[in-house]
Number of protein chains: 6
Amino acid sequence: MNTVNMNKMSWVAYRDLVAATNPPVFLPVGALEQHGPHLPLGTDALLSAAVAASAAERINGIVAPALSYGYKSQPKCGGGQHFCGTTSVDAQTLIGLVRDTVREFARHGVKKLIIVNGHYENQWFITEGIDLALRDLQPNTKMRVMRLEYWDFLTEATLQSVFPDGFPGYALEHAAVIETSLMLHYHPELVRLDLIPDDGPADFPPYDVYPLNPTWVPPSGVLSSARGSDAVKGEIMATELATHIAAAVTAEFERARP
Amino acid sequence: MNTVNMNKMSWVAYRDLVAATNPPVFLPVGALEQHGPHLPLGTDALLSAAVAASAAERINGIVAPALSYGYKSQPKCGGGQHFCGTTSVDAQTLIGLVRDTVREFARHGVKKLIIVNGHYENQWFITEGIDLALRDLQPNTKMRVMRLEYWDFLTEATLQSVFPDGFPGYALEHAAVIETSLMLHYHPELVRLDLIPDDGPADFPPYDVYPLNPTWVPPSGVLSSARGSDAVKGEIMATELATHIAAAVTAEFERARP
Amino acid sequence: MNTVNMNKMSWVAYRDLVAATNPPVFLPVGALEQHGPHLPLGTDALLSAAVAASAAERINGIVAPALSYGYKSQPKCGGGQHFCGTTSVDAQTLIGLVRDTVREFARHGVKKLIIVNGHYENQWFITEGIDLALRDLQPNTKMRVMRLEYWDFLTEATLQSVFPDGFPGYALEHAAVIETSLMLHYHPELVRLDLIPDDGPADFPPYDVYPLNPTWVPPSGVLSSARGSDAVKGEIMATELATHIAAAVTAEFERARP
Amino acid sequence: MNTVNMNKMSWVAYRDLVAATNPPVFLPVGALEQHGPHLPLGTDALLSAAVAASAAERINGIVAPALSYGYKSQPKCGGGQHFCGTTSVDAQTLIGLVRDTVREFARHGVKKLIIVNGHYENQWFITEGIDLALRDLQPNTKMRVMRLEYWDFLTEATLQSVFPDGFPGYALEHAAVIETSLMLHYHPELVRLDLIPDDGPADFPPYDVYPLNPTWVPPSGVLSSARGSDAVKGEIMATELATHIAAAVTAEFERARP
Amino acid sequence: MNTVNMNKMSWVAYRDLVAATNPPVFLPVGALEQHGPHLPLGTDALLSAAVAASAAERINGIVAPALSYGYKSQPKCGGGQHFCGTTSVDAQTLIGLVRDTVREFARHGVKKLIIVNGHYENQWFITEGIDLALRDLQPNTKMRVMRLEYWDFLTEATLQSVFPDGFPGYALEHAAVIETSLMLHYHPELVRLDLIPDDGPADFPPYDVYPLNPTWVPPSGVLSSARGSDAVKGEIMATELATHIAAAVTAEFERARP
Amino acid sequence: MNTVNMNKMSWVAYRDLVAATNPPVFLPVGALEQHGPHLPLGTDALLSAAVAASAAERINGIVAPALSYGYKSQPKCGGGQHFCGTTSVDAQTLIGLVRDTVREFARHGVKKLIIVNGHYENQWFITEGIDLALRDLQPNTKMRVMRLEYWDFLTEATLQSVFPDGFPGYALEHAAVIETSLMLHYHPELVRLDLIPDDGPADFPPYDVYPLNPTWVPPSGVLSSARGSDAVKGEIMATELATHIAAAVTAEFERARP
């Protein structure tokens, strides 16, 4: 039977694993957000869950169900809230989701929780959720939480090989080469390479305006081109992410042990 | 490509579907909650999503990602919050999740939203979330929302055939014959028939106490026996649920049209 | 002087009672909600307070002032929020009221708190309020809370005698035989038997819609007929409720003592 | 039948009254708070309700159920939260109660709402609740709200006759001559004149400290002496309050009509 | 270097001061609110900060940055929310600001916190913020908080000399003689004596109405005349406030030491 | 008299300016946060206010009082919440502050609001506050809001001249060359060059941990060295920021006019 996905385990199996092996538990956080005409709306949750599962498999971890709805999409990193299909939650809701689930994992006896974020806009609200949960649990909790944006584990070398013409930066990496290649690796049946738009890289001023100006963002919702994506790049990056995240989890929580 | 699961569609495909066919959109709401030693923790989300997909397929509907974490488990219908693995959220969080997502679907132009609840404890917080979203949207929204607990679509005749010795009531139907049979139909690989416990039906007093009294609930977490579950019963019920929910959606939203 | 109603005691008398006898404290929770043309808007608060007082008298309990405003009326159990006169509060408000008052009773040294709910829609928000209060008080509180819907203490035998043609179920029991008979027992001057409407039992589909469909509910607001109500039935039920609730309180909190 | 108390009217009677006569609706707000050894814990709710009813009777008004639990008692005006029996709610809860009920009365078609406050500490949270409700209702509501502390309608002349030795000010008027005399008028059976303590007037510095210093407040909870209270003074004040409030309501809402 | 204003100290200097001298820390709370044509919008924050600094200088205290935005202006004490320029926050926001900052000062090791309020409308929300912070910190915190409205430290004798014709009361003292004179002392360059309006004292009924009636308040926003203000009166009052507040802080926190 | 700082204007002057010239209003948002031993705790509020004033002066803008307390300091960009003196607020509080003040400026008739953020951690909570305010104001508001982190207006050329050895990135630019040089320009009396620590640049892993690991951050709180800071660099940067922000405000809001 499944030994990675928490939602497919019985509570008895989960309890026994937690008690016996003090496993790292991964909580992926995604979004339901436009990712251009060639990637599905669920890309961020699918990728954060896939990366979490790949890392978890390497170190006998457990993956909790992803939070499928993320914070509101912003023009400079996700295209913005004017896109049909983008389905986002308020700050308070995302903060609450993280706070409540962190507190529950602590009740289970989990000591190593890793929140794997796959949607740029989520970061600060996840941070607040963790902070409030630890305040609730303080001061005697043994729970420690690691929060990461999975793409930060790609090395310079890999970025150079994936982007031979130069890496445009993570903010513009929305529905672009990294996400498309990873999707080609993990979920090729959900990628429509034939629909990749020709939109050049979006060029943003050094500020934001509200209500957003839809002309800032290409109508396709793609912030920089996904051309050049392929499954081999995806595999290289997926392997690197899984390996490096697994290693960081092991090292970081080892260090804490004594 | 997939035409049911929203998270696997591109935003362009979703937008075009919404604009062209005014499709019903189904939002499953589940839980991550102990379901005895024989069913997985994710049963409620898996079943509400499966039932929603089965109904949606019949009427060209769309299924949004399930809300995977539900309201706190109660002894009389879910075993209680003392079980390891049960991972629940506060009322405010679930209310917020429903409120925010309903508001977003309205922004997309969705006019028919069906919230398919698979976790008994969620009902009233979903109701509040819908009410607050409609208050936010008022008074000119065209969005109408149907909320249902999927099991309420089983007919008396089916209940009698599934429970030849008498139906113990939905509250005790936790990890019991209905859920186990449906899981055997939809996800047989996640069911461990060999681990079904012998616990007789739980017998509760006509009140609740807080903090809960763990002795009220069998240690297995099963409130009435799952013995007698089989995939044939599951298929009969699954078909009935899909057919009847699809029919109700069509009829109810037709009625509203003029 | 009064020895049951907390709001009529001086703080000194209350303090001495709590310190000397560790009395059960009852908190009734009602609503201000349409109850047909024959019963007053305050029925739920009046009945929950009367039942609480009757039970309290038997076991030297104290009755706190009722929460007079309840959660939003739903079509299937209270007629719905479209009725003039129905005056309801948001989930957050009711949760807060319960949370704050539970915490205060704990500060007083009360160890046995019984929340007597008289409005179906309140149940889950009371539950959340208690849960949050206990989280605030944890882990060293001696406060234990019992929550009950008073009608659940009626026996099968009584229901059969009160409903010779069969009991329609508690959800439809809104402004119907049970409430009308209890009001004829406790507050006969507030009942207008001559105005009981002829509306047959409401027949609801197995789902809810929002915004509500007012045609689902009889214009009178009565979900099943109150014909057949009388003060004798009221007295029989009132006695049974008081006796059984008093016995349950005694037994449950006794059990906790060692 | 009763024509003043809303909770004793049927919804039909209330609806017809509101539609036919555009009556002023009074919402009393009290507290459950220590009032010395001689007055009951419910004094503030009892008095605000009694004053509201007396005013309402004069101008065909309606009195909604009192909010029975008020904001946290402060040393300088209510003795403080260290007293057993004082049962208070957080700011957010009281704000929510007022906001929700104001919004509901507006839905009923009520255009004249008078909130009669009987607990000094409530004032600012009632104000916020009204402000938020009007924001919710804006900008087309016809609802107008009057908020008053009932004692502010006593005239200088009356205060001089009631306090021949000089009026100590309303803040110290807690369980003292005004409240005791009014209770002797409205609810004499709940007053224990024999238990009036000898505590002289409390003398506070020009600041507050938190956590409170219990030595600032006499152990009886009385901030200035209730000696000299009698039912005649109570009747004089009760009549004045009812008359003046009724007149102010009529004049203020008349003025608004054109 | 500066030794009073916290925002101008380095964290090292602040830390060392707190550890070495257990200094009183003053948190001024003001508002951005109309103060007639002759005083600036920031008067309340400027004055509470100036008074706090004057007191702090006398007893080696520290002054934290003022909260510059206060609770919504009310007609009877600030003119009302219909004035352009008045910029106010909701109750929840001000409560949160106070709660969070009190909790932070406790984390720093501050044991003597004095909240110096300069805006009448803030008082009760500051009180709630302190109460919630102490609940968060309980029960082992050494933090004690003093809250004061600075004008309450003026003596009767001073009021008589400043108001030879009689003191109109603090509620009407908005942009009037006290505030204008203090501003002439502390910030004479911000006062336009030539623009002092001739508005007589506002005369309010013994209730409030919502939405507010703008005709209750003089169009200038001044509730009683500022004529007679001068810098000498300002200096006298400023000295008295600083001296008396400093003395009260010293005495009150001394008393707590043993 | 002052024509830039809103808190130093009378409401009449402000109202007239807003009505006559439709001025841009700048709202600086800072923090009270450790900035090493050489910079004061208030650096972020001081700098965002100074930059806002410099820009406002160029285009007849108005500067509202800064929000002086910011979101919780994070190790990678501010050192973390373990530093004494750092005084931060919860997400909900900062969101509320921004939401409420934006709504108020809209009520004043302000159409051009520029939020000048000077504390990295604030960005996403400011964004949520703006979004919620615009939701409150929708859909007919003429208010448009620009949000910016002031450092993003520095050009590449300037960064190269300020950092001849290469720019370490804004996250590490905490109490380092940019902030120190700007402070030397705007508030030289608050800078202690003699206390600049020798801490090399902090080196962080590609994830965060909670509770934070204090060893990640130099004990001084400086994330990269401030050596090389001088007032000339400060002036160059200050001029560039003021000029470029003023130009962007003019251009962006011009564009919106037709």
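Since we're looking at a predicted model, the values are computed, not measured. Just so it is clear: chains get the letters A, B, ... in the order the sequence lines come, proteins before strands, and each one is counted from 1.
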For [X], is it the side chain, the backbone, both or neither that has a heavy atom under 4.5 Å from a heavy atom of chain D?
| X | answer |
| --- | --- |
| E/Glu121 | both |
| E/Asn117 | neither |
| E/Ile95 | side chain |
| E/Leu132 | side chain |
| E/Pro205 | neither |

How long is the gap from CG on E/Asp131 to CD on D/Gln74, to the nearest 0.5 Å?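 Output value for this atom pair is 7.5 Å.
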
Within-4.5 Å side-chain heavy-atom neighbours: E/Thr127 and D/Tyr210: yes

Please walk me through it: do E/Lys72 and D/Glu128 pass side chain to side chain contact (heavy atoms under 4.5 Å, CB included)? CA-CA 9 Å; E/Lys72 297 163 197 167; D/Glu128 173 73 349; 2.8 Å; yes

Taking atom CD of E/Glu104 as the centre, report whether more than 12 heavy atoms of other residues, nucleotides or ligands fall under 6.0 Å from it.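 Correct, the count exceeds 12.
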
Within the supplied structure, the quantity of interest is the number of heavy atoms (other residues, nucleotides, ligands) at a distance under 6.0 Å from D/Tyr186 OH; does it exceed 12? yes

Pair E/Arg147, D/Tyr207: side-chain N/O donor-acceptor within cut-off below 3.5 Å: no

Give the ring-plane orientation class for E/Tyr71 versus D/Trp124, where under 30° counts as parallel, over 60° as perpendicular and anything between as tilted. perpendicular

Output the option from D/Gln138, D/Gln123, D/Glu149, D/Met146 having the highest count of non-hydrogen pairs under 4.5 Å with chain E.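 The candidate making the most pairs under 4.5 Å is D/Met146.
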
Heavy-atom pair count under 4.5 Å with chain E, highest-scoring of D/Leu148, D/Asp152, D/Ile115, D/Val209: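 Of the options given, most contacts go to D/Val209.
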
Looking only at heavy atoms and a cut-off of under 4.5 Å, which of E/Thr141, E/Leu134, E/Asp208 has the most pairs with chain D?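 The answer is E/Asp208.
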
